[in-house]
Amino acid sequence: QVQLVESGGGLVQTGGSLRLSCAASRSIFSINAMGWYRQTPGKQRELVAAFMSGGRTNYADSVKGRFTISRDNAKNTVYLQMNSLKPEDTAVYYCNARTLAPQDYWGQGTQVTVSS
């Protein structure tokens, strides 16, 4: 059963924008936090942006001022608006949901490629 479904990746030029979406199934019990991570070959997976407990947001220093995380509670969906994209943003982006158990759920990954 697919429980986190991602969409919105693609190929853009430097300075362009993309918006990623991640829809969480209602079958995931007691989600405490949701966010976005990214990974490139030879690099560890890193946090990009997240909603923490209490609604606090957390951003990687490299994306502050360019990326914005948002959510639609009615749709159980989290978004990542990515502006002023740079080649170093190229990565596979993964949606994450953490429950109170705690247990982690991951989306399938969506490729973001930024050309020079």
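Owing to the predicted nature of the structure, the values given are computational and were not obtained by experimental measurement. Starting from 1, each residue takes its place in the sequence as its number.
The salt bridge (Lys or Arg N to Asp or Glu O under 4.0 Å) contacts involving residues 70-85 comprise nothing, where partners must be two or more places apart or lie in separate chains. The list of salt bridge (Lys or Arg N to Asp or Glu O under 4.0 Å) pairs with a residue in residues 81-102, not counting sequence neighbours, reads Arg38-Asp89, Arg66-Asp89, Arg98-Asp104.
Because its NZ or CZ atom is not both nearer than 6.0 Å to the ring centre of Tyr37 and within 45° of the ring axis, Arg45 does not count as a cation-pi partner of that residue.
The salt bridge (Lys or Arg N to Asp or Glu O under 4.0 Å) test applied to Lys64 returns Asp61, not counting sequence neighbours. With sequence neighbours excluded, the residues forming a side-chain contact (heavy atoms from CB on, under 4.5 Å) with Ser53 are Asn32, Arg56, listed by chain and number.
The closest donor-acceptor contact from the side chain of Gln108 to the backbone of Glu6 lies under 3.5 Å. Listed for the Thr14 side chain is a donor-acceptor partner under 3.5 Å among the backbone atoms of Ser115.
Hydrophobic side-chain contacts under 4.5 Å tie Tyr105 into a cluster, directly or through other members, with Leu4, Val12, Leu18, Leu20, Ile28, Ile31, Met34, Trp36, Val48, Phe51, Tyr59, Val63, Phe67, Ile69, Val78, Leu80, Met82, Leu85, Tyr93, Val112, Val114. When hydrophobic side chains of Ile, Leu, Val, Met, Phe, Trp and Tyr are connected at separations under 4.5 Å, Phe29 ends up as a singleton with no cluster partners.
Closest non-hydrogen pair, Ser116 versus Pro87, comes out as OG-CG, 3.9 Å. What you find for Asn83 and Ser17 is that their closest heavy atoms are OD1-OG, 2.9 Å.
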Determine whether Ser27 and Gln3 satisfy the following criterion, side-chain contact (heavy atoms from CB on, under 4.5 Å), listing intermediate values before the conclusion. CA-CA 7 Å; Ser27 66; Gln3 295 179 288; 3.2 Å; yes
